[in-house]
Amino acid sequence: MSGFDRSLLDDADETVRVRFTVNGRKVACEVAPRETLVDCLRNALELTGTHAGCEMGACGACLVQLDGQAVHACLMFAVQADGARIDTIEGLTESGVIADLQAEFHRRNALQCGFCTPGMLVNAHELLSQVTRPSRKDIRDALSGNYCRCTGYEAIVDAIDAVAKARSESGGVT
Amino acid sequence: MKARAFSYFRAATIDQALDAHARAGDGACFIAGGQSLVPALSLRLQAPRLLIDITHISELRGVRREGGYLRIGALTRHCEMLSEPLIAEFAPLLHAAAPFVAHPAIRNRGTFGGSVAQADPASEFPAMTLALDAEIEIVGPSGSRRVKADDFFVDLFETALQPGELITAVFVPLFKADQRFAFDELARRRGDYALVGCGMLATCTGERIDDIRISFFSVGNTPTRVKGTEATLIGSSLGTERIAAAQAALEGDLTPPDSDEVPPAMRLHLARVLLGRMLGRLGAGG
Ligand SMILES: Cc1cc2nc3c(=O)[nH]c(=O)nc-3n(C[C@H](O)[C@H](O)[C@H](O)COP(=O)(O)OP(=O)(O)OC[C@H]3O[C@@H](n4cnc5c(N)ncnc54)[C@H](O)[C@@H]3O)c2cc1C
Ligand code: FES
Ligand code: FES
(Lines give C-alpha, C1' and ligand atoms only; values in the text may rest on other atoms or scores of the structure.)
(Ligands and ions follow the chains in the order given, each with its own letter.)
Protein backbone atom coordinates (compact mmCIF):
# COMPACT_ATOMS: atom_id res chain seq x y z
CA MET A 1 0.00 0.00 0.00
CA SER A 2 1.18 3.43 -0.82
CA GLY A 3 0.64 6.42 1.39
CA PHE A 4 0.72 8.66 -1.65
CA ASP A 5 -2.44 10.47 -2.57
CA ARG A 6 -2.55 11.91 -6.08
CA SER A 7 -4.43 14.98 -4.91
CA LEU A 8 -1.20 15.95 -3.15
CA LEU A 9 0.03 17.24 -6.47
CA ASP A 10 -2.68 19.87 -6.56
CA ASP A 11 -1.78 21.07 -3.09
CA ALA A 12 1.60 22.57 -3.83
CA ASP A 13 0.65 25.94 -2.40
CA GLU A 14 -1.09 24.60 0.69
CA THR A 15 0.56 24.62 4.05
CA VAL A 16 1.10 21.53 6.13
CA ARG A 17 1.26 21.16 9.87
CA VAL A 18 4.64 20.17 11.28
CA ARG A 19 5.51 19.36 14.84
CA PHE A 20 8.90 19.38 16.40
CA THR A 21 10.61 19.89 19.69
CA VAL A 22 12.45 23.17 19.59
CA ASN A 23 14.73 23.98 22.49
CA GLY A 24 12.94 21.44 24.63
CA ARG A 25 9.45 22.72 23.90
CA LYS A 26 6.95 20.96 21.67
CA VAL A 27 5.77 23.26 18.91
CA ALA A 28 3.51 22.94 15.91
CA CYS A 29 3.36 25.27 12.98
CA GLU A 30 1.91 25.60 9.52
CA VAL A 31 4.49 25.73 6.78
CA ALA A 32 4.52 25.58 3.02
CA PRO A 33 6.72 22.66 1.90
CA ARG A 34 9.07 25.08 0.13
CA GLU A 35 9.84 26.88 3.39
CA THR A 36 13.32 26.16 4.70
CA LEU A 37 13.92 25.35 8.33
CA VAL A 38 15.82 28.59 8.85
CA ASP A 39 12.87 30.63 7.57
CA CYS A 40 10.48 28.68 9.75
CA LEU A 41 12.62 29.20 12.85
CA ARG A 42 13.07 32.90 12.21
CA ASN A 43 9.65 33.83 10.89
CA ALA A 44 7.12 31.46 12.40
CA LEU A 45 8.89 30.76 15.69
CA GLU A 46 10.63 34.12 16.03
CA LEU A 47 13.92 32.46 16.94
CA THR A 48 16.09 34.98 15.16
CA GLY A 49 19.40 33.85 16.62
CA THR A 50 19.76 31.46 13.71
CA HIS A 51 20.94 33.64 10.84
CA ALA A 52 20.38 33.30 7.11
CA GLY A 53 23.40 34.40 5.11
CA CYS A 54 24.17 32.69 1.84
CA GLU A 55 21.25 30.22 2.01
CA MET A 56 23.48 27.84 0.01
CA GLY A 57 25.30 25.89 2.69
CA ALA A 58 28.48 27.90 2.32
CA CYS A 59 28.62 30.38 5.23
CA GLY A 60 27.48 28.41 8.29
CA ALA A 61 25.41 31.26 9.81
CA CYS A 62 22.31 29.03 9.92
CA LEU A 63 23.73 26.07 11.86
CA VAL A 64 21.39 24.44 14.37
CA GLN A 65 21.39 21.06 16.04
CA LEU A 66 19.02 18.50 14.59
CA ASP A 67 18.68 15.44 16.80
CA GLY A 68 21.97 16.42 18.39
CA GLN A 69 23.99 17.02 15.22
CA ALA A 70 24.98 20.32 13.62
CA VAL A 71 23.16 20.89 10.32
CA HIS A 72 22.50 23.82 7.99
CA ALA A 73 18.96 25.06 8.55
CA CYS A 74 19.07 26.62 5.07
CA LEU A 75 19.66 23.23 3.44
CA MET A 76 16.53 21.52 4.64
CA PHE A 77 12.84 22.19 4.45
CA ALA A 78 10.89 22.57 7.66
CA VAL A 79 8.60 19.68 6.65
CA GLN A 80 11.61 17.38 6.61
CA ALA A 81 12.21 18.17 10.28
CA ASP A 82 8.74 16.99 11.30
CA GLY A 83 9.16 14.91 14.45
CA ALA A 84 12.75 15.98 15.06
CA ARG A 85 14.43 17.66 18.01
CA ILE A 86 15.95 21.01 17.14
CA ASP A 87 18.21 23.08 19.32
CA THR A 88 19.00 26.62 18.26
CA ILE A 89 21.44 29.08 19.70
CA GLU A 90 18.66 30.31 22.02
CA GLY A 91 18.20 26.85 23.50
CA LEU A 92 21.90 26.15 23.81
CA THR A 93 22.30 29.50 25.56
CA GLU A 94 19.42 28.95 28.00
CA SER A 95 20.63 25.50 28.96
CA GLY A 96 24.10 26.80 29.78
CA VAL A 97 25.97 24.09 27.83
CA ILE A 98 27.95 26.66 25.86
CA ALA A 99 28.28 29.30 28.57
CA ASP A 100 32.06 28.79 28.77
CA LEU A 101 32.41 29.08 24.99
CA GLN A 102 30.36 32.25 24.96
CA ALA A 103 32.38 33.76 27.80
CA GLU A 104 35.63 32.94 26.01
CA PHE A 105 34.40 34.41 22.70
CA HIS A 106 33.51 37.56 24.64
CA ARG A 107 36.79 37.71 26.52
CA ARG A 108 38.90 37.34 23.40
CA ASN A 109 36.91 39.56 21.07
CA ALA A 110 36.13 36.60 18.87
CA LEU A 111 33.23 38.52 17.39
CA GLN A 112 32.40 41.97 16.12
CA CYS A 113 29.05 42.21 14.38
CA GLY A 114 28.06 38.77 15.68
CA PHE A 115 26.38 37.61 12.49
CA CYS A 116 28.49 34.48 12.19
CA THR A 117 28.70 33.85 15.94
CA PRO A 118 25.67 31.58 16.48
CA GLY A 119 26.91 29.27 13.72
CA MET A 120 30.46 29.38 15.06
CA LEU A 121 29.21 28.41 18.52
CA VAL A 122 27.01 25.55 17.28
CA ASN A 123 29.95 24.23 15.30
CA ALA A 124 32.41 24.64 18.16
CA HIS A 125 29.97 22.94 20.52
CA GLU A 126 29.70 19.97 18.18
CA LEU A 127 33.47 19.72 17.75
CA LEU A 128 34.11 19.78 21.49
CA SER A 129 31.50 17.15 22.17
CA GLN A 130 33.23 14.82 19.69
CA VAL A 131 36.91 15.54 20.28
CA THR A 132 38.03 16.41 23.81
CA ARG A 133 41.33 18.01 22.90
CA PRO A 134 41.33 19.11 19.25
CA SER A 135 44.51 20.58 17.79
CA ARG A 136 44.39 24.08 16.30
CA LYS A 137 44.41 22.40 12.92
CA ASP A 138 41.39 20.30 13.91
CA ILE A 139 39.61 23.47 15.01
CA ARG A 140 40.37 25.26 11.75
CA ASP A 141 39.27 22.22 9.83
CA ALA A 142 35.97 22.04 11.68
CA LEU A 143 35.34 25.74 11.07
CA SER A 144 36.11 25.50 7.35
CA GLY A 145 32.42 25.91 6.52
CA ASN A 146 31.88 29.01 8.66
CA TYR A 147 32.56 32.45 7.26
CA CYS A 148 33.37 35.40 9.46
CA ARG A 149 33.61 38.72 7.68
CA CYS A 150 34.71 40.75 10.70
CA THR A 151 37.25 39.31 13.05
CA GLY A 152 39.33 36.91 11.06
CA TYR A 153 39.64 33.51 12.62
CA GLU A 154 42.57 33.79 14.99
CA ALA A 155 40.56 34.94 18.00
CA ILE A 156 37.84 32.39 17.28
CA VAL A 157 40.35 29.55 17.13
CA ASP A 158 42.01 30.89 20.32
CA ALA A 159 38.67 30.92 22.14
CA ILE A 160 37.75 27.37 21.17
CA ASP A 161 41.25 26.16 21.95
CA ALA A 162 41.12 27.78 25.40
CA VAL A 163 37.77 26.19 26.20
CA ALA A 164 38.98 22.78 25.05
CA LYS A 165 41.98 23.11 27.32
CA ALA A 166 39.93 24.33 30.29
CA ARG A 167 37.36 21.58 29.90
CA SER A 168 39.92 18.81 29.63
CA GLU A 169 41.81 20.17 32.65
CA SER A 170 38.66 20.32 34.72
CA GLY A 171 38.19 16.70 33.80
CA GLY A 172 35.08 16.73 31.73
CA VAL A 173 32.70 18.18 29.26
CA THR A 174 29.71 20.11 30.47
CA MET B 1 16.15 32.89 -4.01
CA LYS B 2 13.56 30.45 -2.76
CA ALA B 3 12.40 27.19 -4.25
CA ARG B 4 9.27 27.10 -6.37
CA ALA B 5 6.22 25.68 -4.61
CA PHE B 6 6.05 21.89 -4.45
CA SER B 7 4.22 19.16 -2.61
CA TYR B 8 6.06 16.95 -0.17
CA PHE B 9 5.67 13.25 0.42
CA ARG B 10 7.60 11.27 3.02
CA ALA B 11 8.02 7.66 1.84
CA ALA B 12 8.31 4.90 4.43
CA THR B 13 9.27 2.13 1.99
CA ILE B 14 11.00 1.75 -1.36
CA ASP B 15 7.69 0.68 -2.91
CA GLN B 16 5.98 3.84 -1.70
CA ALA B 17 8.75 6.01 -3.11
CA LEU B 18 8.71 4.30 -6.51
CA ASP B 19 4.95 4.34 -6.64
CA ALA B 20 4.72 8.04 -5.81
CA HIS B 21 7.29 8.81 -8.48
CA ALA B 22 5.48 6.72 -11.07
CA ARG B 23 2.18 8.45 -10.36
CA ALA B 24 3.60 11.96 -10.38
CA GLY B 25 5.64 11.39 -13.53
CA ASP B 26 8.24 13.89 -14.69
CA GLY B 27 7.38 16.38 -12.00
CA ALA B 28 8.74 14.30 -9.12
CA CYS B 29 12.16 14.32 -7.53
CA PHE B 30 13.71 12.27 -4.72
CA ILE B 31 15.44 14.04 -1.85
CA ALA B 32 18.03 12.35 0.38
CA GLY B 33 20.44 14.59 2.30
CA GLY B 34 19.36 17.58 0.22
CA GLN B 35 22.86 19.04 0.37
CA SER B 36 23.04 19.34 -3.41
CA LEU B 37 19.33 19.38 -4.18
CA VAL B 38 18.20 22.18 -1.86
CA PRO B 39 20.68 24.71 -3.32
CA ALA B 40 19.60 23.58 -6.81
CA LEU B 41 15.95 24.16 -5.90
CA SER B 42 16.73 27.56 -4.39
CA LEU B 43 18.49 28.56 -7.60
CA ARG B 44 15.53 27.13 -9.51
CA LEU B 45 17.77 24.93 -11.54
CA GLN B 46 15.12 22.35 -10.71
CA ALA B 47 11.44 22.95 -9.97
CA PRO B 48 9.70 19.66 -9.19
CA ARG B 49 5.99 19.53 -8.41
CA LEU B 50 6.58 16.80 -5.87
CA LEU B 51 9.47 16.13 -3.55
CA ILE B 52 9.69 12.53 -2.36
CA ASP B 53 11.68 12.30 0.86
CA ILE B 54 13.51 8.94 0.98
CA THR B 55 15.42 9.52 4.21
CA HIS B 56 12.95 7.57 6.35
CA ILE B 57 13.20 4.37 4.31
CA SER B 58 14.95 1.94 6.62
CA GLU B 59 15.71 -0.49 3.74
CA LEU B 60 18.16 2.09 2.39
CA ARG B 61 20.20 2.18 5.59
CA GLY B 62 22.99 0.11 6.98
CA VAL B 63 26.46 -1.13 6.10
CA ARG B 64 27.16 -4.86 6.09
CA ARG B 65 29.26 -7.62 4.50
CA GLU B 66 27.55 -9.55 1.78
CA GLY B 67 29.54 -12.18 -0.09
CA GLY B 68 32.85 -10.68 -1.18
CA TYR B 69 31.41 -7.20 -0.92
CA LEU B 70 30.69 -4.47 1.55
CA ARG B 71 27.12 -3.36 0.97
CA ILE B 72 26.82 0.33 1.74
CA GLY B 73 23.19 1.47 1.99
CA ALA B 74 22.37 4.54 -0.10
CA LEU B 75 21.40 6.58 2.96
CA THR B 76 24.75 6.09 4.70
CA ARG B 77 25.73 9.61 5.62
CA HIS B 78 29.13 11.10 4.84
CA CYS B 79 29.85 11.36 8.57
CA GLU B 80 29.16 7.63 8.91
CA MET B 81 31.70 6.94 6.16
CA LEU B 82 34.16 8.32 8.72
CA SER B 83 32.80 6.66 11.85
CA GLU B 84 31.66 3.22 10.64
CA PRO B 85 34.33 0.59 11.50
CA LEU B 86 33.32 -1.70 8.60
CA ILE B 87 34.10 1.09 6.12
CA ALA B 88 37.47 1.78 7.73
CA GLU B 89 38.36 -1.92 7.56
CA PHE B 90 36.89 -3.06 4.25
CA ALA B 91 36.69 0.13 2.19
CA PRO B 92 39.59 2.22 3.57
CA LEU B 93 39.75 4.30 0.40
CA LEU B 94 36.25 5.65 1.11
CA HIS B 95 37.22 6.27 4.71
CA ALA B 96 40.25 8.24 3.51
CA ALA B 97 38.17 10.28 1.06
CA ALA B 98 35.36 11.17 3.49
CA PRO B 99 37.06 14.03 5.39
CA PHE B 100 37.54 15.82 2.06
CA VAL B 101 33.82 15.85 1.30
CA ALA B 102 32.48 19.30 2.15
CA HIS B 103 32.29 20.54 5.77
CA PRO B 104 31.29 18.67 8.94
CA ALA B 105 27.68 19.89 9.06
CA ILE B 106 27.16 18.99 5.40
CA ARG B 107 28.64 15.55 6.10
CA ASN B 108 26.05 15.15 8.87
CA ARG B 109 23.25 15.15 6.28
CA GLY B 110 24.71 14.36 2.85
CA THR B 111 24.40 10.71 1.84
CA PHE B 112 26.70 8.35 -0.04
CA GLY B 113 23.91 7.32 -2.42
CA GLY B 114 22.98 10.96 -3.03
CA SER B 115 26.55 11.82 -3.91
CA VAL B 116 26.80 8.90 -6.36
CA ALA B 117 23.40 9.76 -7.90
CA GLN B 118 24.33 13.41 -8.23
CA ALA B 119 27.51 12.33 -10.09
CA ASP B 120 29.19 15.68 -9.71
CA PRO B 121 32.51 15.31 -11.59
CA ALA B 122 34.17 17.27 -8.76
CA SER B 123 32.90 14.94 -6.03
CA GLU B 124 35.10 12.50 -4.19
CA PHE B 125 32.83 9.47 -3.77
CA PRO B 126 31.66 8.92 -7.38
CA ALA B 127 35.30 8.83 -8.49
CA MET B 128 36.17 6.41 -5.68
CA THR B 129 33.50 3.94 -6.80
CA LEU B 130 35.44 3.73 -10.08
CA ALA B 131 38.77 3.11 -8.37
CA LEU B 132 37.13 0.44 -6.22
CA ASP B 133 35.37 -1.34 -9.11
CA ALA B 134 32.15 -0.94 -7.13
CA GLU B 135 28.69 -1.90 -8.31
CA ILE B 136 25.66 0.36 -7.95
CA GLU B 137 22.43 -1.39 -7.01
CA ILE B 138 19.43 0.27 -8.62
CA VAL B 139 15.74 -0.39 -8.16
CA GLY B 140 12.99 0.94 -10.40
CA PRO B 141 9.51 0.23 -11.67
CA SER B 142 10.83 -2.72 -13.67
CA GLY B 143 12.81 -4.36 -10.89
CA SER B 144 16.36 -4.20 -9.65
CA ARG B 145 19.78 -4.40 -11.31
CA ARG B 146 23.44 -3.86 -10.55
CA VAL B 147 25.55 -1.57 -12.71
CA LYS B 148 29.35 -1.48 -12.63
CA ALA B 149 30.75 1.93 -11.72
CA ASP B 150 32.65 1.83 -15.04
CA ASP B 151 29.28 1.91 -16.84
CA PHE B 152 27.39 4.16 -14.43
CA PHE B 153 28.78 7.65 -15.10
CA VAL B 154 27.65 8.71 -18.57
CA ASP B 155 28.19 12.46 -18.89
CA LEU B 156 28.02 15.68 -16.89
CA PHE B 157 25.59 14.90 -14.02
CA GLU B 158 24.24 12.09 -16.19
CA THR B 159 24.24 8.48 -15.01
CA ALA B 160 22.75 5.13 -15.90
CA LEU B 161 19.84 6.00 -13.57
CA GLN B 162 16.53 6.35 -15.40
CA PRO B 163 13.86 8.75 -14.15
CA GLY B 164 12.06 7.23 -11.19
CA GLU B 165 14.88 4.84 -10.30
CA LEU B 166 16.55 4.74 -6.91
CA ILE B 167 20.02 3.75 -5.84
CA THR B 168 19.51 1.28 -2.99
CA ALA B 169 23.14 0.47 -2.18
CA VAL B 170 26.68 0.44 -3.46
CA PHE B 171 28.61 -2.84 -3.38
CA VAL B 172 32.34 -2.46 -2.82
CA PRO B 173 34.68 -5.46 -3.15
CA LEU B 174 36.23 -6.12 0.28
CA PHE B 175 39.71 -4.68 0.77
CA LYS B 176 42.33 -7.44 0.82
CA ALA B 177 45.65 -7.94 2.54
CA ASP B 178 47.61 -7.70 -0.74
CA GLN B 179 46.05 -4.36 -1.64
CA ARG B 180 47.23 -0.80 -1.14
CA PHE B 181 45.34 2.44 -1.59
CA ALA B 182 45.96 6.18 -1.72
CA PHE B 183 43.73 9.25 -1.78
CA ASP B 184 44.58 12.93 -2.12
CA GLU B 185 43.34 16.15 -3.60
CA LEU B 186 44.49 19.69 -4.25
CA ALA B 187 41.97 22.35 -3.20
CA ARG B 188 42.22 26.07 -2.57
CA ARG B 189 40.66 25.75 0.85
CA ARG B 190 39.79 22.80 3.05
CA GLY B 191 36.27 21.57 2.33
CA ASP B 192 36.05 23.20 -1.08
CA TYR B 193 35.70 21.17 -4.22
CA ALA B 194 39.11 20.03 -5.42
CA LEU B 195 41.01 21.57 -8.33
CA VAL B 196 42.17 18.01 -8.95
CA GLY B 197 41.71 14.88 -6.90
CA CYS B 198 42.57 11.22 -7.18
CA GLY B 199 42.08 7.85 -5.56
CA MET B 200 43.83 4.58 -6.36
CA LEU B 201 43.69 0.94 -5.40
CA ALA B 202 46.51 -1.48 -6.26
CA THR B 203 46.87 -5.23 -5.85
CA CYS B 204 50.48 -6.23 -5.30
CA THR B 205 52.79 -9.22 -4.97
CA GLY B 206 55.56 -7.86 -2.79
CA GLU B 207 56.64 -4.67 -4.55
CA ARG B 208 55.23 -5.65 -7.91
CA ILE B 209 51.93 -4.15 -9.01
CA ASP B 210 49.65 -6.83 -10.43
CA ASP B 211 46.69 -4.58 -10.91
CA ILE B 212 45.89 -0.92 -10.30
CA ARG B 213 42.82 1.26 -10.76
CA ILE B 214 43.31 5.02 -10.68
CA SER B 215 40.43 7.45 -10.75
CA PHE B 216 40.54 11.25 -11.01
CA PHE B 217 37.90 13.83 -10.22
CA SER B 218 37.53 17.51 -11.18
CA VAL B 219 39.29 16.89 -14.48
CA GLY B 220 36.43 16.25 -16.91
CA ASN B 221 32.69 15.84 -17.33
CA THR B 222 32.63 12.60 -15.35
CA PRO B 223 34.85 10.93 -12.81
CA THR B 224 37.67 9.56 -14.91
CA ARG B 225 39.65 6.33 -14.83
CA VAL B 226 43.06 6.65 -16.46
CA LYS B 227 43.51 3.30 -18.14
CA GLY B 228 46.58 4.16 -20.23
CA THR B 229 48.35 5.36 -17.11
CA GLU B 230 47.28 2.25 -15.18
CA ALA B 231 48.77 0.08 -17.96
CA THR B 232 52.22 1.68 -17.58
CA LEU B 233 52.31 0.60 -13.94
CA ILE B 234 51.22 -3.02 -14.12
CA GLY B 235 53.89 -5.71 -13.78
CA SER B 236 56.61 -3.70 -12.13
CA SER B 237 57.48 -1.97 -8.89
CA LEU B 238 57.17 1.76 -8.29
CA GLY B 239 60.61 3.26 -8.96
CA THR B 240 61.27 6.87 -9.95
CA GLU B 241 61.36 6.07 -13.65
CA ARG B 242 58.15 4.13 -13.57
CA ILE B 243 56.38 6.96 -11.77
CA ALA B 244 57.69 9.46 -14.34
CA ALA B 245 56.38 7.24 -17.15
CA ALA B 246 52.96 7.11 -15.50
CA GLN B 247 52.94 10.89 -15.10
CA ALA B 248 53.77 11.28 -18.80
CA ALA B 249 51.01 8.88 -19.78
CA LEU B 250 48.36 11.01 -18.03
CA GLU B 251 48.21 13.36 -20.99
CA GLY B 252 46.70 10.61 -23.13
CA ASP B 253 44.02 9.86 -20.52
CA LEU B 254 42.86 13.27 -19.38
CA THR B 255 41.31 16.13 -21.31
CA PRO B 256 40.65 18.76 -18.64
CA PRO B 257 37.88 21.21 -19.53
CA ASP B 258 38.70 24.77 -20.49
CA SER B 259 37.85 27.23 -17.76
CA ASP B 260 38.92 30.79 -17.07
CA GLU B 261 39.94 29.94 -13.57
CA VAL B 262 42.12 26.90 -14.23
CA PRO B 263 43.46 26.46 -17.78
CA PRO B 264 43.59 22.83 -18.99
CA ALA B 265 47.40 22.77 -19.05
CA MET B 266 47.54 23.81 -15.40
CA ARG B 267 45.00 21.20 -14.35
CA LEU B 268 46.96 18.52 -16.19
CA HIS B 269 50.12 19.70 -14.47
CA LEU B 270 48.39 19.51 -11.07
CA ALA B 271 47.13 16.02 -11.91
CA ARG B 272 50.71 14.92 -12.71
CA VAL B 273 52.03 16.38 -9.46
CA LEU B 274 49.29 14.67 -7.49
CA LEU B 275 49.81 11.34 -9.25
CA GLY B 276 53.55 11.49 -8.59
CA ARG B 277 53.03 12.15 -4.88
CA MET B 278 50.47 9.42 -4.50
CA LEU B 279 52.43 6.76 -6.38
CA GLY B 280 55.42 7.65 -4.25
CA ARG B 281 53.36 7.02 -1.14
CA LEU B 282 51.86 3.85 -2.57
CA GLY B 283 55.38 2.55 -3.29
CA ALA B 284 56.33 3.30 0.29
CA GLY B 285 53.44 1.14 1.53
CA GLY B 286 50.29 3.17 0.78
C1 LIG C 1 28.82 24.22 0.55
C2 LIG C 1 28.84 22.81 0.00
C3 LIG C 1 30.05 22.19 -0.25
C4 LIG C 1 30.08 20.90 -0.77
N5 LIG C 1 31.31 20.33 -0.99
C6 LIG C 1 31.35 19.08 -1.48
C7 LIG C 1 32.61 18.43 -1.72
O8 LIG C 1 33.68 18.98 -1.47
N9 LIG C 1 32.58 17.18 -2.24
C10 LIG C 1 31.40 16.53 -2.52
O11 LIG C 1 31.44 15.40 -2.99
N12 LIG C 1 30.22 17.10 -2.28
C13 LIG C 1 30.16 18.34 -1.77
N14 LIG C 1 28.94 18.91 -1.54
C15 LIG C 1 27.70 18.15 -1.88
C16 LIG C 1 27.32 17.21 -0.75
O17 LIG C 1 28.33 16.32 -0.48
C18 LIG C 1 26.04 16.40 -1.01
O19 LIG C 1 25.73 15.82 0.20
C20 LIG C 1 26.05 15.25 -2.00
O21 LIG C 1 26.68 15.50 -3.18
C22 LIG C 1 24.62 14.86 -2.38
O23 LIG C 1 24.09 13.99 -1.44
P24 LIG C 1 22.70 14.25 -0.75
O25 LIG C 1 22.38 13.03 0.01
O26 LIG C 1 22.70 15.52 -0.05
O27 LIG C 1 21.71 14.26 -2.03
P28 LIG C 1 20.50 15.22 -2.42
O29 LIG C 1 20.96 16.62 -2.48
O30 LIG C 1 19.32 14.89 -1.61
O31 LIG C 1 20.23 14.67 -3.90
C32 LIG C 1 21.13 14.91 -4.97
C33 LIG C 1 20.53 14.28 -6.24
O34 LIG C 1 20.58 12.86 -6.15
C35 LIG C 1 19.27 12.30 -6.20
N36 LIG C 1 19.28 11.20 -5.22
C37 LIG C 1 19.62 11.28 -3.91
N38 LIG C 1 19.63 10.05 -3.35
C39 LIG C 1 19.28 9.18 -4.34
C40 LIG C 1 19.11 7.77 -4.41
N41 LIG C 1 19.32 6.98 -3.34
N42 LIG C 1 18.76 7.22 -5.59
C43 LIG C 1 18.54 7.99 -6.69
N44 LIG C 1 18.69 9.33 -6.68
C45 LIG C 1 19.05 9.91 -5.53
C46 LIG C 1 18.32 13.42 -5.88
O47 LIG C 1 17.07 13.24 -6.52
C48 LIG C 1 19.06 14.63 -6.46
O49 LIG C 1 18.85 14.72 -7.83
C50 LIG C 1 28.87 20.20 -1.02
C51 LIG C 1 27.65 20.81 -0.75
C52 LIG C 1 27.61 22.10 -0.25
C53 LIG C 1 26.29 22.74 0.03
S1 FES D 1 22.74 30.50 5.37
FE2 FES D 1 23.00 28.40 5.60
S3 FES D 1 25.08 28.16 5.20
FE4 FES D 1 24.80 30.26 4.72
S1 FES E 1 31.59 38.71 13.71
FE2 FES E 1 30.81 39.67 11.95
S3 FES E 1 30.78 38.03 10.57
FE4 FES E 1 31.83 37.19 12.18
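Going from atom CD1 of Ile54(B) over to atom OG1 of Thr111(B) covers 6.5 Å, rounded to the nearest 0.5 Å. Rounding to the nearest 0.5 Å places CG of Leu92(A) at 8.5 Å from CG of Leu121(A). Atom CD of residue Glu126(A) and atom CG of residue Leu128(A) lie 10.5 Å apart, to the nearest 0.5 angstrom. Note that CG of Leu195(B) is 7.5 Å distant from OG of Ser218(B), once rounded to the nearest 0.5 Å. Once rounded to the nearest 0.5 Å, the distance linking NZ of Lys165(A) with OG1 of Thr132(A) reads 15.0 Å.
Of all residues spanning residues 142-155 of chain A, those with a heavy atom less than 4.5 Å away from chain B's heavy atoms are Ala142(A), Ser144(A), Gly145(A), Tyr147(A), arranged by number. Within residues 42-56 of chain A, the residues having any heavy atom under 4.5 Å from a heavy atom of chain B are, by residue number, Glu55(A), Met56(A). At a heavy-atom cut-off of under 4.5 Å, chain A is reached by Cys79(B), His103(B), Pro104(B) from residues 74-104 of chain B, listed in order of number.
Using a 4.5 Å cut-off between heavy atoms, Leu43(B) contacts chain A through its side chain alone, with no backbone atom that close. Heavy-atom distances place both the backbone and the side chain of Leu75(A) under 4.5 Å from chain B. Interface remark: Asn108(B) contributes backbone and side-chain atoms alike to the contact with chain A (heavy atom separation under 4.5 Å). Heavy atoms closer than 4.5 Å to chain B are found nowhere in Glu35(A), neither backbone nor side chain. With a threshold of 4.5 angstrom between heavy atoms, Arg4(B) approaches chain A through N, CA, C or O but not through any side-chain atom. Looking at Leu66(A), the atoms closer than 4.5 Å to chain B (heavy atoms on both sides) all sit in the side chain, from C-beta outward.
The aromatic rings of Phe30(B) and His21(B) sit tilted, their planes meeting at an angle between 30° and 60°.
Ion pairing between a basic and an acidic side chain is recognised when a charged N comes within 4.0 Å of a carboxylate O; Asp138(A) and Arg136(A) show no such pairing. Arg71(B) and Glu137(B) are joined by a salt bridge, as a carboxylate oxygen and a charged side-chain nitrogen come within less than 4.0 angstrom of each other. The pair Asp26(B)-Arg49(B) does not meet the salt-bridge criterion, since no charged nitrogen lies less than 4.0 angstrom from a carboxylate oxygen. Using a 4.0 Å cut-off between charged side-chain N and carboxylate O, Asp82(A) and Arg17(A) make no salt bridge. Salt-bridge annotation for Arg140(A) and Asp161(A): absent, with no side-chain N of the basic residue lying under 4.0 Å from a carboxylate O of the acidic one.
In this structure, Thr13(B) contributes its side chain and Gln16(B) its backbone to a donor-acceptor pair below 3.5 Å. With Arg34(A) contributing its side chain and Ala3(B) its backbone, the two residues share a donor-acceptor pair below 3.5 Å. A donor-acceptor distance shorter than 3.5 angstrom exists from the side chain of Glu165(B) to the backbone of Gln162(B), with no hydrogens or angles considered.
In terms of the ring pair (Phe, Tyr, Trp, His ring centres under 6.0 Å) criterion, residue partners of Phe77(A) (sequence neighbours excluded) are, by chain and number, Phe6(B).
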Salt bridge (charged side-chain N to carboxylate O under 4.0 Å, His left out) between Glu261(B) and Arg188(B), worked out
CA-CA 12 Å; Glu261(B) 230 187 325; Arg188(B) 288 219 166 83; 2.9 Å; yes
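Taking chain A as the reference chain and counting heavy-atom pairs below 4.5 Å, the highest number among Ile31(B), Leu41(B), Leu51(B) is found for Ile31(B).
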